[in-house]
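Down below is the structure, laid out as structure tokens.
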Amino acid sequence: MAIVTPGVEPASTLLAAPPPSWLGEWAGFAARARFAELPAEVAQRTRLALLDCIGAIAAGAQEAETQALAARMIAREGGGDAPVIGFAGGARPGTAAFLNGTAGTMLELDEGNQYARGHPAIHVVPALLAAPRGDGAGFLMALALGYEMGSRVGIASKLNVAMHPHGTWGTLGAAVAVAKLHGASAAEFRGVINMASSLGLATSRNNMLEGGTVRNTYAGVSNMLGLTVWDLARAGFEAERDGVATIFGKVSASDFRPEEMVAELGTRWEVARNYFKRHAACRYTHGALDALARITASTGKLDPSQVKSIAVQTYVWAAQLDSPAAPNMLAAKFSIPFALATFIVHGAATVPAFRGPARENPEILALASRVTVDEEAAMTAQLPGLRPARVTITMQDGTRHVAEVTTNRGDTEDPFTEAEVREKFHELTDPVYGRERAAAIEGAVMGMGPHTEASALVELLKS
């Protein structure tokens with residue numbers, strides 16, 4: 001009997017459809033990919049992405065919530081050999097992947113990809129660290145490939161506006177990386193990709209806007225499930241023929257464009273188009289923060305009491321962060337008014353600038369209440385390649401200071417140097433590991449290649 005309801009396909013039609021060509025091309029590419037064929041600049045960028053994630057995890061692991069969560073889970077499940085970065089003791093692989101992924105997003109300092117509109121590496125690194133195999137070259141190849149898969153799904157689709165990108169296509173990235181580490185065949189990659197597509201979360205964007213810190217666990221869940229997908233594949237579980245098109249074309253997202261999954265595949269590596277962060281806040285705040293930094297570079301430190309008002313014009317997703325309220329650290333990091341106010345008082349948007357004392361500082365709170373944030377359509381039109389913002393500060397005496405940026409510091413258009421990324425790593429890890437051991441971790445990461453063992457890095461990460 002025919003089905004007449006629009007959008008509903010009978011099983012006979014689904015089963016008769018040929019496998020998607022893009023998936024066959026991707027699976028074959030993933031199976032063949034070798035570290036020796038990676039361009040040197042891509043390999044080095046992959047090392048920096050790994051280094052950046054470790055730093056973000058180590059620092060985020062010091063937060064009270066992450067320490068308490070690790071203690072509870074390890075006490076319940078027992079310890080293990082997988083490193084829980086920044087915590088005294090190891091855990092089982094899935095638990096370690098979850099805890100490290102969660103810690104890595106706590107401080108809003110992990111790298112990202114503006115074209116994918118998310119944070120690919122933190123959805124891959126914890127899964128790989130939980131179950132390392134082979135040499136450093138294989139580890140880096142798996143990371144680059146997992147990063148590529150997650151990013152390309154983000155590029156090829158448009159998430160529902162109510163969705164938060166964490167925990168969605170990141171599960172695909174983790175699963176592909178783990179499969180590569182285990183030497184998956186093209187057929188196995190096909191199954192892994194299809195299964196992982198169904199295991200993303202139904203995430204809520206409102207959590208980031210309201211300070212819902214459950215949002216910080218999304219990447220942790222993706223890493224944990226990335227490990228699980230490989231077990232499912234090896235155990236014989238199966239999935240639909242084109243899970244990515246279903247989930248990211250109809251369920252979690254729309255407008256899936258399969259051609260983007262294979263465009264310049266193998267020559268354009270998304271990890272080489274990533275960005276790094278120095279402001280410890282949501283990236284949507286960075287344009288305004290960079291504009292403010294330009295103003296204070298010429299004026300010197302501003303007296304908060306003499307600032308009458310601050311007006312921000314920016315693109316739509318940044319304009320959404322208009323509330324001056326900062327009930328917890330996450331909410332503060334997703335508030336342009338608070339971010340600008342704490343920057344003026346502290347001189348930078350550092351980790352301490354968003355902690356409890358800063359959020360209770362009456363001077364910061366009063367200044368944040370004098371900040372307005374509005375969308376400018378012309379700036380929204382420049383997404384995703386550019387992230388513009390204009391900041392206008394009006395002083396009590398009528399003086400106005402104006403600065404505008406088109407992109408964020410750290411983006412591919414205005415990148416941080418390798419030295420700056422390494423400096424950031426030490427700022428985050430020296431307080432956790434001490435300078436000498438942090439330097440050893442840095443050396444292990446940046447020296448990764450065919451003549452090193454991935455397990456050596458894992459041993460260094462164990463507290």
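Looking at every heavy atom in both residues, V84 comes nearest to A70 through CG1-CB, 4.5 Å. Residues P132 and V458 come closest through the heavy atom pair CG-CG2, 3.5 Å. Scanning both residues, P83 and L461, for their nearest heavy atoms gives CB-CB, 4.3 Å. The two residues P93 and L227 come nearest to each other via the heavy atoms O-CD1, 3.6 Å. The two residues K277 and L109 have their closest heavy-atom pair at O-CD2, 4.0 Å. For T314 against M379, the heavy-atom pair with the smallest separation is CA-SD, 3.4 Å.
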Let me see the working for R422 and E418 under salt bridge (charged side-chain N to carboxylate O under 4.0 Å, His left out), right down to the final yes or no.
CA-CA 6 Å; R422 289 188 181 215; E418 180 176 319; 3.0 Å; yes
Can V161 and R205 be said to form a side-chain contact (heavy atoms from CB on, under 4.5 Å), step by step?
CA-CA 8 Å; V161 294; R205 189 180 187 87; 5.9 Å; no
Show the numbers, then the answer: is there a side-chain contact (heavy atoms from CB on, under 4.5 Å) between L265 and W26?
CA-CA 8 Å; L265 187 62; W26 228 102; 3.8 Å; yes
One pair to check against side-chain contact (heavy atoms from CB on, under 4.5 Å): F256 and K250. What are the steps and the verdict?
CA-CA 8 Å; F256 178 67; K250 300 177 181 179; over 6 Å; no
Pair F98, T217 - check side-chain contact (heavy atoms from CB on, under 4.5 Å), show working.
CA-CA 8 Å; F98 171 73; T217 68; 4.0 Å; yes
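Environment of NZ in K308: sparse, with no more than 12 heavy atoms of neighbouring residues, nucleotides or ligands closer than 6.0 Å. No more than 12 heavy atoms of other residues, nucleotides or ligands sit less than 6.0 Å from atom CD of E436.
Looking at T380 and E375, their side chains do bring a donor and an acceptor atom within 3.5 Å of each other. Side chains of N206 and S204: no donor on one and acceptor on the other come within 3.5 Å. Side-chain polar atoms of H426 and R435 form a donor-acceptor pair below 3.5 angstrom. In the model, R273 has no side-chain atom that pairs as donor or acceptor with a side-chain atom of N113 under 3.5 Å.
Remark: E427 engages R278 in a salt bridge, criterion side-chain N to carboxylate O under 4.0 Å. Salt bridge D411/R283: present, at least one basic N to carboxylate O contact under 4.0 Å. At a threshold of 4.0 Å, the pair E108-R215 counts as salt-bridged, since one of the basic side-chain nitrogens sits closer than that to a carboxylate oxygen. No salt bridge links E420 with K424; every basic N to acidic carboxylate O contact stays at or beyond 4.0 Å. With respect to D414 and R409, a salt bridge is recorded, a charged nitrogen being found less than 4.0 Å from a carboxylate O. Between R268 and E270 there is a salt bridge, since at least one side-chain N of the basic residue sits less than 4.0 Å from a carboxylate O of the acidic one.
Between the side chain of R370 and the backbone N or O of V307 there is at least one donor-acceptor pair closer than 3.5 Å. Although no hydrogens or angles enter the test, the distance criterion places no donor-acceptor pair under 3.5 Å between the side chain of N223 and the main chain of L99. Side-chain N or O atoms of N160 include none that pairs as donor or acceptor with a backbone N or O of A162 at under 3.5 Å. Of the possible polar contacts, none joining the E260 side chain to the G154 backbone as a donor-acceptor pair under 3.5 Å is found. Under a 3.5 Å cut-off, the side chain of Q62 and the backbone N or O of A58 do form a donor-acceptor pair. Proximity of a side-chain donor or acceptor of R117 to a complementary backbone N or O of P384 within less than 3.5 Å is not detected. Put simply, the side chain of S151 gets close to the backbone of Y147: a donor and an acceptor are under 3.5 Å apart. Distance alone, capped at 3.5 Å, places no donor-acceptor pair between the S335 side chain and the A331 backbone. A donor-acceptor contact shorter than 3.5 Å links the side chain of K180 to the backbone of A33. When atom types are taken as modelled, the side chain of T46 and the backbone of V42 share a donor-acceptor pair closer than 3.5 angstrom.
V178 has its side chain out of reach of V229: every pair of non-hydrogen atoms, C-beta onward, lies at least 4.5 Å apart. Side-chain contact between I336 and Y284 is absent, with no heavy-atom pair separated by less than 4.5 Å. M261 places a side-chain heavy atom less than 4.5 Å from the side chain of V153. Side chains of L457 and L50 form a contact here, defined as non-hydrogen atoms less than 4.5 Å apart. Residues P388 and Q382 form a side-chain contact, since some pair of their non-hydrogen atoms from C-beta on lies under 4.5 Å apart. Put simply, the side chain of F425 does not reach to within 4.5 Å of the side chain of D430, judged on heavy atoms. Two residues are said to be in side-chain contact when any heavy atoms from C-beta on lie closer than 4.5 Å; T296 and K301 fail this criterion. The shortest side-chain heavy-atom distance between V312 and T372 does not fall under the 4.5 Å cut-off.
Looking at residues two or more places apart in sequence or on another chain, you find a side chain to side chain contact (heavy atoms under 4.5 Å, CB included) between A332 and A326, F338, F354, R359. E111 is linked by a salt bridge (Lys or Arg N to Asp or Glu O under 4.0 Å) to nothing, counting only residues two or more places apart in sequence or in another chain. The side-chain hydrogen bond (donor to acceptor under 3.5 Å, both in side chains) check on N194 picks up nothing, with sequence neighbours excluded.
Taking OG1 of T171 as the reference point, atom CG of L201 lies at 6.0 Å (rounded to 0.5 Å). A distance of 11.0 Å separates CG of N274 from CG of D110, quoted to the nearest 0.5 Å. Taken to the nearest 0.5 Å, the CD1 atom of I57 stands 12.0 Å off from the OG1 atom of T429. Rounding to the nearest 0.5 Å gives a distance of 9.5 Å between CG of L69 and CZ of F87. The CZ atom of F416 sits 12.5 Å away from atom CG of L48, with the distance rounded to the nearest 0.5 Å. To the nearest 0.5 Å, atoms NZ (K158) and CG (D255) are separated by 7.5 Å.
Between F29 and W269, the distance from one ring center to the other falls under 6.0 angstrom.
Both cation-pi conditions hold for R387 and Y315: the charged atom is under 6.0 angstrom from the six-membered ring centre and inside a 45 degree cone around its axis. A cation-pi arrangement is absent between R152 and W169 under the rule of less than 6.0 angstrom and at most 45 degrees off the ring axis.
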